[in-house]
Amino acid sequence: MTTPTVTITDNATGKTSECPVLVPTYGPRVIDTKNLYKDLGMFTHDPGFMTTSACRSSITFLDGDEGKLFHRGYPIEQLAEHSSYLEVCYLLLYGELPTKTQFEEFEYQVKFRSNVHERVNHMYSGYMYDAHPMSIMVGVMGALSSYYHEALDLNDPVDRDLTAKRVIAKMPTLAAQCYKYAIGHPFVYPNNSLGYVENFLNMMFSHPMNTYTPDPVAVRALEVMLILHADHEQNASTSTVRLAGSAGANPFACMAAGMVTLWGPAHGGANEAVLHMLNEIKTPENIPQFIARAKDQNDTFRLMGFGHRVYKNFDPRSRVIRKVCHDLLEHMPANVNARVFDIALKLEELALKDEYFIERKLYPNVDFYSGIILKALGIPESMFTVMFGLGRAVGWIAQWLEMMQDPDFRIGRPRQLYVGSRQREYVPIGQRG
Ligand code: SDX
């Protein structure tokens with residue numbers, strides 16, 4: 001069967017480039033333009049990579065028009081209902097759901113690596129007492145590479161797999177340490193008799209002066225949250241991880257690069273910004289003025305938690321999260337004022353009826369409700385993006401692993417449209433006007 005192609009013609013010269021068309025399992029076909037510069041002496045131009053495929057991947061697929069999300073072919077709704085975060089980690093890393101034996105071995109491998117070197121514990125004291133936890137996570141994540149020199153041969157699949165398990169195992173410990181440092185409480189060591197999520201909640205909320213028993217409803221709510229944040233194709237932070245990895249940076253440095261990108265309010269920082277916004281709205285009666293501001297092209301205010309580069313329908317994750325939110329608030333209303341959830345529901349209702357949002361296909365995304373769940377679990381707003389990173393770490397490392405094994409692997413180096421000055425001669429300062 002001949003390879004389908006498209007012909008791109010430069011009408012100025014009549015030259016053509018025969019570009020192969022790559023056919024996906026799902027999603028739009030892709031024009032392979034790697035010979036375009038050789039054939040036509042031209043680049044493509046796509047700021048923000050709106051329609052650019054950067055890599056082949058078999059991990060995750062989003063259907064933005066249908067509002068669907070699959071991990072290795074499994075719909076996110078089914079994984080959220082039936083799976084566990086560690087099982088989803090296995091699926092993302094190895095491509096198949098584990099057998100019982102495979103899962104038990106993987107769970108042991110992760111649990112066994114959940115602690116960090118004692119010297120990591122001393123890193124935190126270099127941060128201001130009120131440092132944003134993301135500024136700490138960025139630092140300690142990158143520093144982990146200094147503890148594992150013996151297993152950072154990027155060309156060794158055994159080292160790469162070991163690093164993936166270390167990242168998954170240590171993220172909860174680092175995240176909980178960030179929180180404990182921020183509130184001046186002693187760090188709590190991992191307890192390997194607990195499950196992955198229970199262990200995290202125990203490291204977050206137990207204290208030498210009290211006993212802490214994770215609430216099963218809270219554990220399941222957080223488990224679903226982590227599953228929903230695990231991976232999401234080539235989003236900004238994952239693309240950063242891939243770009244850093246393409247230069248041969250060690251995987252812990254790549255994770256830190258992902259964490260840096262996630263911190264942006266347009267990306268993973270949105271969940272924290274949503275809570276700030278809902279608190280600023282204060283009452284449902286104030287919603288119309290905020291919607292008006294979001295529509296005002298002269299106002300930089302945007303409805304945080306709304307819109308998405310890919311989803312032009314409901315983000316399937318926000319549907320799942322909305323239900324978890326509702327169930328959790330019924331079960332443990334203490335930590336968050338139900339008013340915030342009521343405002344979120346009313347804001348969603350009014351925005352989805354507004355022509356501006358309908359026309360631009362702006363729907364609630366994963367960040368719109370996630371902050372309310374985290375707040376209900378007793379996790380402070382400053383930790384929301386850390387929690388996003390806790391869930392997404394497996395997606396970053398799975399995409400990094402896939403890239404390291406990709407036959408098309410090469411350093412990422414985009415080109416540009418140069419619009420600056422033409423060549424000119426240097427003028428000594430005494431002769432300048
Ligand atoms: C995540 O990529 C991923 O997969 C990300 C993520 C993941 O799991 O990794 O899903 C996680 O980052 C979710 C997004 C969280 N961010 C927010 O909730 C912040 C608020 N949203 C916006 O900043 C925005 O919607 C983005 C950044 C999410 C998407 O930006 P795009 O695709 O570049 O869209 P755009 O800025 O070109 O907007 C198109 C139009 C514009 O209006 P016009 O110029 O056409 O008149 O929609 C408007 C925008 O002004 N618009 C909004 C809006 N989002 C877009 N107007 C008001 N409020 C908003 N939230």
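Only heavy atoms go into these numbers, but all of them, side chains included; no hydrogens, no water, no symmetry mates. One-based numbering, in listed order, for ligands and for the atoms of each.
- Considering only non-hydrogen atoms, atom 55 (C) of ligand 1 lies nearest to Leu362 out of Val310, Leu362, Leu303.
- At the shortest separation from atom 35 (P) of ligand 1 among protein heavy atoms lies Arg302 NH2, 4.1 Å.
- Among the atoms of Val366, none of the N or O lies under 3.5 angstrom from an N or O of ligand 1.
- Set against the non-hydrogen atoms of Gly305, the atoms of ligand 1 under 4.0 Å away are 17 (C), 18 (O).
- Distance screen at 4.0 Å: atom 13 (C) of ligand 1 has a protein heavy-atom neighbour inside the cut-off.
- Using a 30° and 60° split on the angle between ring planes, His232 and Tyr311 fall in the tilted class, from 30° to 60°.
- Numbered from 1 in the order shown, with element, the atoms of ligand 1 that lie under 4.0 Å from a heavy atom of Ala270 read 15 (C), 16 (N), 17 (C), 18 (O).
- Classification of the Tyr108-Phe112 ring pair by plane angle, with boundaries at 30° and 60°, yields parallel.
- Contacts with ligand 1 closer than 4.0 Å are made by no heavy atom of Met50, backbone or side chain.
- In this structure, Arg415 is not positioned above the aromatic face of Phe43 in the sense of NZ or CZ being under 6.0 Å from the six-membered ring centre and within 45° of the axis.
- Ring geometry for Phe205 versus Tyr179: interplanar angle over 60°, hence perpendicular rather than tilted (30 to 60°).
- Of the protein's heavy atoms, at least one falls inside 4.0 Å of atom 50 (O) of ligand 1.
- Residue contacts with ligand 1: Ala294 is included, with a non-hydrogen atom under 4.0 Å away.
- Nearest to atom 6 (C) of ligand 1 among the protein's heavy atoms is His308 NE2, 3.6 Å.
- Using a 4.0 Å cut-off to heavy atoms of Arg309, the atoms of ligand 1 that qualify are 29 (C), 31 (P), 32 (O), 33 (O).
- With hydrogens and angles ignored, the 3.5 Å screen pairs no side-chain donor or acceptor of Asn35 with any backbone N or O of Lys38.
- Atom 1 (C) of ligand 1 has its nearest heavy-atom neighbour, among Asp367, Leu228, Asn365, in Asp367.
- Ligand-side atoms of ligand 1 in range of Arg360: 40 (C), 42 (O), 43 (P), 45 (O), 46 (O), 47 (O), 48 (C), range being under 4.0 angstrom from any heavy atom.
- Within the structure, the closest approach of Arg392 to ligand 1 falls below 4.0 Å when heavy atoms are considered.
- Between Phe306 and Phe357, the two ring planes are perpendicular [angle over 60°; tilted spans 30° to 60°].
- In this pair, Trp263 and His132 present their aromatic rings tilted. The plane angle is within the 30 to 60° band.
- Close approach of ligand 1 to Gln297 (heavy-atom distance below 4.0 Å) involves ligand atoms 46 (O).
- In Tyr356, the part holding a heavy atom less than 4.0 Å from any atom of ligand 1 is the side chain.
- Annotation: Tyr148 is in aromatic contact with Phe252 [ring centroid separation under 6.0 Å].
- Although no hydrogens or angles enter the test, the distance criterion places a donor-acceptor pair under 3.5 Å between the side chain of Asn313 and the main chain of Asp65.
- Using bins of under 30°, 30° to 60° and over 60° for the plane-to-plane angle, the ring pair Tyr124/Tyr181 lands in the tilted bin.
- Nearest heavy-atom pair, Asp367 versus His267, reported as atom, atom and distance to 0.1 Å: OD2-O, 3.7 Å.
- For atom 28 (C) of ligand 1, the closest heavy atom belonging to the protein is Gly307 O, 3.7 Å.
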